[in-house]
Amino acid sequence: MSPWRCAAAQERRPGKGWALRLCLLSATLLLCLLQLGLRRSWDAAQPAKEARKPPLPPPGARRAEKTSEATSRRQVTYVRSGRRKGPAEPTCCLQGAPPSDARKKTIRWHINLQPWASPTASLNNEAHRLLKYISTAQISCDHMSMNNLPGNPNSSRRPWSICLDDRFSLVHQIKRKQCRLYSLGLGSDNNQFEISMANSGCEVHRFDPSIKLAHIQKGQRLWYHRLSIDWRDPNPMIAAHKIHTNTKKLGTVLNDFGHHKIDILKADMESAEWKILENLILEDVVEHIGQLVLEIHVHWPGFEVSGNDSTVVRYWYSLLKELEMKDFRLFHTYKDLSKPQMFLKREAFNASSCYTLSWVNTRWK
């Protein structure tokens, strides 16, 4: 190769290297500019997006807003429920009162059954034990007549007997006009006991599902309510088939009315008394009752009481013993000879189908 060609080749090599370097530098600079432009565009877009979002309230305000929304929903649900009180219906008691703290206890599911009356489950032994128990007063009461009370000149003491001895608070509550009576029944026309107690100064609430209005006031101290007391509350998911009737547990009614105690509970529930009494014991409602005047029926097991005859009688006896363990004492018993003389569909044991028992809570203040 000639010297002239070698020199030309040496001059061309440096030119190509500088051109390559210049291209790489330009490409790098372009990428940097593009990246910088994209970053600025992103940063500019973020404030606009944040500006479109509503500002978050503080935690306290959020809780208040949720409470307000929940209250609004409840109000709308209540308005849509269609429960309207007619103008002719008087209001009674403190409807919707908060539940009593005294009844906020652990609910029992079963009563404690007493041991069998004999080594073998014998109906004869169980029946004799029960009938002896309900025929024997456990405590004496010298004043059971209501004749000496104001407004009751000629009232009879039987079969609804209450104890008016000074050692128990009932007579003093009546004189101070601070007595409260709940009467549970199923449409009976005999309301002389309730009228007498209202005339004496008691606040009387009679629960009768047969009346047409929700509440009826007769006199200053006598109220009638279209309610039937049951051993369970109705299922809220099942619509009521009868518009003019309703059933509730006694504890629920006490909470609804804002009452924390009952001086006298009179109950004639036509064989529903056994399950209602069981509910009062299991939910400790009996502790808020001063005196219990209860009509019991023994001609058949009663509503939703299952088992053979000896098991049923053992269950009855165990319920009454639960009352005794709650410091209730039987002070009067009345055997109704006008009713059929039947015991579990038998003419046996010299028993009546109906007894009225009067109990006093010896711890009642």
Side-chain angles (χ1 to χ4, degrees), residues 78 81-100 146-147 149-156 160 162 164 169-230 233-234 240 242-270 272 276 280 285 288-295:
Y78 177 78
S81 64
R83 296 181 179 178
R84 298 178 181 177
K85 185 184 299 180
E89 295 186 9
T91 58
C92 171
C93 316
L94 185 58
Q95 298 289 336
S100 170
M146 296 166 55
N147 294 340
L149 293 176
N152 294 283
N154 297 309
S155 58
S156 174
W160 308 110
I162 55 177
L164 299 171
S169 64
L170 178 59
V171 64
H172 307 293
Q173 294 293 100
I174 293 175
K175 291 178 179 179
R176 289 194 295 262
K177 299 188 183 301
Q178 295 177 352
C179 163
R180 179 177 294 125
L181 164 68
Y182 271 32
S183 174
L184 316 183
L186 294 174
S188 174
D189 293 331
N190 185 6
N191 58 356
Q192 291 303 311
F193 178 76
E194 291 81 358
I195 294 175
S196 297
M197 294 305 299
N199 291 337
S200 300
C202 271
E203 173 191 329
V204 178
H205 298 271
R206 180 180 172 95
F207 297 89
D208 184 354
S210 66
I211 64 176
K212 295 181 179 181
L213 299 179
H215 308 287
I216 299 176
Q217 185 175 8
K218 293 190 175 181
Q220 184 179 1
R221 298 180 178 274
L222 180 58
W223 288 88
Y224 287 78
H225 308 283
R226 191 184 61 218
L227 277 173
S228 178
I229 304 301
D230 203 350
D233 284 328
K242 296 182 179 180
I243 300 176
H244 297 296
T245 61
N246 196 6
T247 61
K248 289 184 180 181
K249 296 187 295 185
L250 183 60
T252 302
V253 173
L254 286 173
N255 286 341
D256 289 347
F257 284 10
H259 296 161
H260 304 314
K261 69 173 186 176
I262 306 172
D263 294 283
I264 308 168
L265 176 64
K266 173 205 167 189
D268 178 10
M269 299 303 295
E270 302 295 338
I276 292 175
L280 300 185
V285 179
H288 304 272
I289 299 172
Q291 295 193 25
L292 173 62
V293 187
L294 178 67
E295 185 172 283

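Residues take their numbers from the sequence shown, with the count starting at 1.
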Sub-4.5 Å side-chain heavy-atom contact between [X] and [Y]:
| X | Y | value |
| --- | --- | --- |
| H205 | V253 | no |
| L181 | D263 | no |
| Y182 | I229 | no |
| N246 | P209 | no |
| L280 | L265 | yes |
| M197 | I174 | yes |

Inset, instruction - Could you list the residues that satisfy side chain to side chain donor-acceptor pair (under 3.5 Å) with E194, not counting sequence neighbours? - result: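 Side chain to side chain donor-acceptor pair (under 3.5 Å) check on E194 returns S183, R206, K266.
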Inset, instruction - Output all residues satisfying side chain to side chain donor-acceptor pair (under 3.5 Å) with S228, sequence neighbours left out; order by chain, then residue number. - result: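 S228 satisfies side chain to side chain donor-acceptor pair (under 3.5 Å) with no residue once adjacent residues are dropped.
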Legend entry - L250 vs I262, side chain to side chain contact (heavy atoms under 4.5 Å, CB included): CA-CA, chis, key distance, verdict: CA-CA 11 Å; L250 183 60; I262 306 172; 4.2 Å; yes
Separation between [atom1] of [X] and [atom2] of [Y], rounded to the nearest 0.5 Å:
| X | Y | atom1 | atom2 | value |
| --- | --- | --- | --- | --- |
| H260 | L254 | NE2 | CG | 9.5 Å |
| C202 | Q178 | SG | CD | 11.0 Å |
| W160 | N190 | CH2 | CG | 8.5 Å |
| S196 | I162 | OG | CD1 | 9.5 Å |

Legend entry - Closest contact, heavy atoms only, Q291 versus I289: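 Closest approach of Q291 to I289, heavy atoms only: O-CG2, 3.4 Å.
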Under the side-chain contact (heavy atoms from CB on, under 4.5 Å) test, residues paired with [X] that sit two or more places apart:
| X | answer |
| --- | --- |
| S169 | Q173, W364 |
| R221 | K177, A198 |
| A272 | W231, M269, I276, F303 |

Inset, instruction - Specify whether H225 and H215 have parallel, tilted or perpendicular ring planes, treating 30° as the upper limit for parallel and 60° as the lower limit for perpendicular. - result: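 Aromatic pair H225/H215 classed perpendicular.
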Legend entry - Whether D233 side chain and K249 backbone form a donor-acceptor pair below 3.5 Å: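 Flag set: sc D233 to bb K249 pair under 3.5 Å.
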Legend entry - Under the salt bridge (Lys or Arg N to Asp or Glu O under 4.0 Å) test, residues paired with E203 that sit two or more places apart: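 Applying salt bridge (Lys or Arg N to Asp or Glu O under 4.0 Å) to E203 gives R180.
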